[in-house]
Amino acid sequence: METSLNNTPLADVHVALGAKMVGFGGWNMPLQYESILAEWEYNRKTVSLFDCSHMGEFMIKGDAVACGLDRIVVQTIVDMPVNTCRYGAMLNENGGVIDDLIVYRKGPEDWMVVVNAANIEKDAAHFRAHLNANARFEDASFKTAKLDLQGPRSRDVLKVLVPGIEQLTYYAFGQFQIAGTPCLISRTGYTGELGYEIYCPWEKCKEIWQNILDNDTVKPTGLGVRDVLRVEMCYSLYGHELDETISPLEAGLDKFIDGNKDFIGRKAVSARPPQRTIGCFTSTSRKSPRAGNKIFDAAGNDIGVVTSGTFSPALQAGIGIGFMSRHSKEAGGQVFFGDEKNKAAAIVAKRPFYKNGSLKA
Amino acid sequence: MEIEENFLYTKEHEWVSIEDNIATMGISDYAQEALGDVTYVELPEEETEVEQFEQFVSVESVKAASDIFAPMGGKVIEVNRKLEDTPGLINKDCYGKGWIAKIDVRDMDESTNLMSAEEYRNFLESLH
């Protein structure tokens, strides 16, 4: 194992629980506890707990526009009610995606920005470079742990520990306590199921993890199934569907972009009409597409590349996300994935693959 | 880690059991454990001629695809069609119901290139 990997506060707990550990985004993380298929089943039908303490949290204080935050992120933030959060991204001057992120409005001039683990350093540097002198910025990533409780039973479990949590609506959050420890809890997630993200102090994380797992309904779950769940929902993963060379319009982020404000990268994005578009497709067999596979049209022409692929337990078939030329994205259309020698048939699908999630329950 | 005593093994973690010139093969317990849930097996056509250690099967788990190599050269005479619908048999019973293919062996001397159960056990220990 690489010695340079960071550990979350729960690394030894995962090992003690029998998890298979793996390096992810510079972090030593649990891949699976039991098996990916068993953990998938449990998440979609019951409730699972994920350690997501590797993700980054930045605390920013200042007026949205005056401090520069509004110009850094592509989504609208000035009209956000306090205690709500909003998904979006930040771009470089060339219009490529530096990271996708969620902005939390904790107070009129009090913000938390949640970013991807692998990007913490470069994102922090970008904020420091582009926030104005009147902004206060703190990278709180190594003080803030995050636990995701996801699944149709998550509310039933959490309401026992956190009175009032039932009132939280989708993409809203609040300040609560678990076993006397202050936690910020939002009704958000990355699985397509009803769920919560719980931000707590690093040193209290073990205690809160245990408090939640004391409920026998909850099982710990690894990052392996998290990736399957997010591909079934067609959620983007940085480094796959998003990176600094990919235009947010090609990646399908247009609906999160505020066209009425100025933001870094805006000119470059407008100047570069999308050449390709993100799409998804379902294998006609159990054979799964894999990132890096080529995509071909029915005539055998190379029309794109797979960015994420997995077996979908929900569909009992392989599923893939990828960039395709713009004319080839009609749902129901025939495509192939693989390489020149070995092609497997697939059908262009409508997102998401998994349509029965409890997300908005 | 379970190792079937009377089988022979490859460094790529295939097992083989040879009886009357017919080699029945599959992947070892170590391999199925490392792969995780098997979701798809791309089986070879029957009658295909394969060389020893030639890739002839692909086994997919949720997150990855792995090449499987022929432990003995010869003609593929039968494949386990049950794996088409229930590839998880490889996880449940890798040395039994999860067998993958039967090969009519061309040259029995090739078995000297394989490991005994004892040698395979030592080989696995050397990996850690």
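Chain identifiers are assigned alphabetically (A, B, ...) following the order of the sequence lines, protein sequences preceding nucleic acid strands; residue numbering begins at 1 within each chain.
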Problem set entry | Atom CD of B:E5: over 12 foreign heavy atoms under 6.0 Å | yes
Exercise. Quick check: are there more than 12 heavy atoms from other residues, nucleotides or ligands sitting under 6.0 Å from OH of A:Y235?
Worked result: yes
Problem set entry | Nearest-0.5 Å distance, OH of residue B:Y40 to OG of residue A:S288 | 9.5 Å
Exercise. Within the distance-only criterion (no hydrogens, no angle test), does the side chain of A:T310 pair as donor or acceptor with the backbone N or O of B:K63 below 3.5 angstrom?
Worked result: no
Problem set entry | Atom of A:I36, atom of B:D37 and distance for their closest heavy-atom approach | N-OD2, 3.2 Å
Exercise. Mind checking whether A:R286 and B:D85 have side chains closer than 4.5 Å, heavy atoms only?
Worked result: no
For this session: Determine whether more than 12 heavy atoms belonging to other residues, nucleotides or ligands lie under 6.0 Å from atom CZ of A:R276.
Result: yes
For this session: Go through the atoms of B:E84 and report whether side chain, backbone, both or neither lie under 4.5 Å from a heavy atom of chain A.
Result: backbone
Problem set entry | Minimum side-chain heavy-atom gap A:N342-B:E42 below 4.5 Å | yes
Exercise. Is the count of non-hydrogen atoms from other residues, nucleotides or ligands lying under 6.0 Å from B:K97 atom NZ greater than 12?
Worked result: no
For this session: Please check if atom CG in B:N6 has more than 12 non-hydrogen atoms from other residues, nucleotides or ligands closer than 6.0 Å.
Result: no
